[in-house]
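Notes follow once the structure below has been shown.
In what follows, every heavy atom counts, from backbone to side chain, and hydrogens, waters and symmetry copies are set aside.
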Amino acid sequence: MKTESKEKNFPIGVKLAIIIGIIVLASLSSVTFLNSYFVSQDVRITAEENNLTINTRSAQTVQNELSSVRANVLQLLDLINVSSGGKNSALAKQAEAFFFERNQDIAEILLLSARPGRQDFLTNNQLKNIRFFNSNEIDFAATDNFLAQSGRYITRTISGETIALNASPFFKSGMLALLLPYHESGLEQALIILFSTESLSDLLGTGSTNQTFIINDSDDLLCHAELDRILSGQSMTNHPLVEKMRNENQNNEESRQVIFEQTDENGKKKTRQIGAFQKIALADICVITTVPLDTILEGVRATRRNNLYLMGIVLFISIIFILTFARFAISRPLRFLTASAEEINQGNFNTPIISKLNTKRRDEIGVLNKSTQDEQEFLNTFARFTNRGVAKAIARKEIDFEPHLKDVSIFFSDIRGFTAISDGFKNRFGEESPREIIGFLNDYMSRMVNCVTISGGTIDKFEGDAIMAVWGILRDEDLSFELLPDSDPDKKQKEETHLSHVKQDAISAITGTIAMRYALMQYNKDAEAFTKAHEGEPKAKYKPHIRIGCGINTGRATCGIMGSEDKMEYTAIGDSVNFASRTESSNKPCGTDILITQDTYNLLKMDYIKCEENNFTIKPEFAASEIVVEMIPVEFEVKGKGAQHFYGVVNMPAFNIEEFFKKGDENFVLDEDCARCVGKTGPKTLNEVRNLLGIPIPEFGSVNLNEEENKIQVKK
């Protein structure tokens, strides 16, 4: 079978296509790639020369701009110094205002001198462009923060160095600080000019392929097209071009340009770049220009791609008639069939893939497509007659067909007074009563089954109006750990894991049953509306108002495929199942709608039920599944177990109705009137449950659960 599959996956058409492709590729690829190589060499040389020219022009532009800023500021200071009234004179103020009007990119000018024996500096003069700060929404304190962090640079400037610093992180805007030595009347000072880099960015250009940026002598970015880099105070020390510049320390045309590789920000992709740099005479500033080599060579690559497309077209024309039939008539349909089979193997019987199969083909594939759709219909029908969970588990081969003992939670429910309800249908509808009864039961049961399914249970069977469901029956259960000696270290861990699963099944069973209480109230409300809508018709259709009883028991049962070769079902049997059935039948004398056995109660009480044993306190991690129960004040004898009690389930206070039902239907809409039966607005006592559901309060003094119809016999 494997050999045949490989032959079909590598047909003769593909072999012919490969041979033709080799001939075409061998004849055209050599010409294409040789041509691309020589053209790319010429383009690269041209790009290097152009990048160097741009870098030289940019460096001169930066030099002129910074020199202009310096000259204008020095001219202003000279004018202020020679004014008759000094820096506070009207002439000085007028000159300052005129200066900032003409130089709107300059934010502030400061003159600082050192204080002998101190770490801070004396501000001899400070000219602030108030309009700049206000228009850019910059806090005036930004200058003080910048100065506080730049003490060592100010000291170097007072000593005679010219320094450029990136002030952008402090001003949250593109700002450059130019620190110049300034001598006045024998006083050694630092002249600090703070100005926007916006004009520099405009002069250098940000829209071209070539990218130009500026760094200072510490390799800090001063100006860059990407503002975020400047605002973050990025250092370019590890930039390959900067490393080369610092190592060689040359500024001639031969050494000022290089081709290097640069890794992206994620550290994964490397790109080849053409780079050039030039230092300017002011503040040891360096202007760097780069251009991606891949971008430059894009034209060459485009030509090469066009040639490759041409080869592809030739190749395609050569083999199109060979592959078309195989692809569209065989390969593609078989892929759909394979995908359909995989979905069925996963238990997805309603997959939309199967509906796309073409059943109109008049060949073998058409027959297979039709057979697959028929199989889907059969599997869906089979799942409805058996159980969808069991059917899916069988399809996935997750069920061990050998019978096993499992600890499960078993549920039974029954409609109160169903015989009288059936007689009512017969009296009103006569021969049409079966259809009406089945319609009523299907409506009721579909709501109950939905609660079981959402809570993770498995419907075992329907017996008339009764429902049997089991939680945990499909769990892969292995009780072999019980045979391990107590000294085995794995035994305790396996016991705890097993107990956790059994508890969760019991909680899920009670959760699903609590949800049934809401679903039943919703049914009764809808049934009343349905009956009223048809009350004026002959043989008026109606749906009866009903009450149900539910019983849950947790215990060990024999689970497996049972029956004959003609009829089999996956079910659970044993005393624990009988106990659950008798628990359900005890609801009537106990005046309850949901009863759990003492075994289930004992399993859950320490974690989920506030009781005397846990000081009426449960841990926060179990609060979402808290259960409120009341003990039925009547004892009954269980053979092999002695006297026991039933416990009526009052409520799960944290139960979220809307969240629960939306797991099965995203469009679920909560009925606030019905919501008062469970959850945070639900009943607090069993008597409240009885009043809410119309259940008579029993006289427990006359109730005898040991009567034959209520007697429960369980063998140990």
Side-chain angles (χ1 to χ4, degrees), residues 377-378 380-388 411-454 457 459-469 512-513 515-551 567 569 571 581 584-589 591-594 661 664-665 667-669 671 673-675 677 689-696 709:
E377 183 178 352
F378 163 76
N380 278 312
T381 303
F382 168 74
R384 286 194 295 269
F385 274 97
T386 306
N387 180 281
R388 188 165 294 276
F411 163 91
F412 278 90
S413 71
D414 186 67
I415 297 176
R416 293 287 168 259
F418 182 71
T419 301
I421 292 172
S422 298
D423 291 341
F425 275 101
K426 292 176 183 177
N427 293 335
R428 174 172 294 193
F429 299 107
E431 294 181 355
E432 298 178 5
S433 62
R435 182 173 65 248
E436 298 297 327
I437 293 175
I438 294 299
F440 142 65
L441 282 177
N442 286 344
D443 182 15
Y444 156 73
M445 287 186 172
S446 64
R447 299 172 190 247
M448 303 300 110
V449 169
N450 184 46
C451 298
V452 174
T453 303
I454 294 175
I459 296 296
D460 188 288
K461 62 175 64 70
F462 300 104
E463 293 182 353
D465 61 309
I467 302 173
M468 175 184 171
T513 308
M516 289 181 190
R517 183 184 288 169
Y518 171 87
L520 182 66
M521 287 195 71
Q522 182 70 66
Y523 160 81
N524 283 329
K525 187 174 182 179
D526 293 344
E528 183 179 349
F530 178 85
T531 301
K532 188 173 183 180
H534 294 277
E535 63 184 355
E537 302 173 0
K539 289 187 178 181
K541 292 186 177 182
Y542 78 100
K543 289 184 180 179
H545 186 285
I546 60 175
R547 287 189 288 110
I548 65 173
C550 305
K567 175 67 170 68
E569 63 179 11
T571 187
S581 176
E584 179 277 316
S585 65
S586 299
N587 274 282
K588 184 176 180 181
T592 54
D593 67 327
I594 304 172
F661 283 101
D665 179 10
N667 300 317
F668 171 80
V669 178
D671 188 312
D673 179 53
C674 298
C677 68
V689 175
R690 292 169 180 134
N691 292 332
L692 183 68
L693 302 180
I695 301 174
E709 63 268 24

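Partners of Y518 under the ring pair (Phe, Tyr, Trp, His ring centres under 6.0 Å) rule, at least two apart in sequence or in another chain, are F661. Applying the ring pair (Phe, Tyr, Trp, His ring centres under 6.0 Å) rule to H545 yields no partners; only residues at least two apart in sequence or on another chain are considered. Residues passing the ring pair (Phe, Tyr, Trp, His ring centres under 6.0 Å) test with Y542 are F425, sequence neighbours excluded. For K426, there are no side-chain hydrogen bond (donor to acceptor under 3.5 Å, both in side chains) partners at least two apart in sequence or on another chain. Not counting sequence neighbours, S413 has no partner by the side-chain hydrogen bond (donor to acceptor under 3.5 Å, both in side chains) test.
Nearest heavy-atom pair across K525 and C674 is CD-SG, 4.1 Å. Taking every heavy atom of both residues into account, A527 and P544 meet most closely at CB-O, 4.1 Å. Between C550 and N587, the closest heavy-atom pair is O-ND2, 3.0 Å. Between P589 and S585, the shortest heavy-atom contact is CD-O, 3.7 Å.
Between M521 and D673, every side-chain heavy-atom pair lies at or beyond the 4.5 Å cut-off. Residues I437 and S422 have side chains in contact (heavy-atom distance under 4.5 Å, counting atoms from C-beta outward). The closest side-chain heavy-atom distance from Y444 to D465 is not below 4.5 Å. Between I548 and D593 there is no side-chain heavy-atom pair separated by less than 4.5 Å. A 4.5 Å side-chain heavy-atom check between T592 and R690 finds at least one atom pair inside the cut-off. Contact of the F462 side chain with the L441 side chain is not registered, since no non-hydrogen atoms from C-beta on lie closer than 4.5 Å.
Going from atom CD1 of I546 over to atom CD1 of I415 covers 4.5 Å, rounded to the nearest 0.5 Å. R416 CZ to K588 NZ: the interatomic distance, rounded to the nearest 0.5 Å, is 7.5 Å. Between atom CZ of residue F668 and atom CG of residue N450 there is a gap of 9.5 Å, rounded to the nearest 0.5 Å. How far OG of S581 is from CD of E463: 8.0 Å, rounded to the nearest 0.5 Å. The CE atom of M516 sits 6.0 Å away from atom CD1 of I467, with the distance rounded to the nearest 0.5 Å. Taking OG1 of T419 as the start and CG of D423 as the end, the distance is 7.0 Å to the nearest 0.5 Å.
Under the side-chain hydrogen bond (donor to acceptor under 3.5 Å, both in side chains) criterion, the residue pairs touching residues 427-443 are D443-R447, D443-K543, with sequence neighbours excluded.
For the pair D414 (side chain) and G549 (backbone), a donor-acceptor distance under 3.5 Å is absent.
Residues Q522 and D526 bring a donor and an acceptor atom of their side chains to less than 3.5 Å of each other.
Counting heavy-atom neighbours within 6.0 Å of K532 NZ, excluding the residue itself, gives a total of 12 or less.
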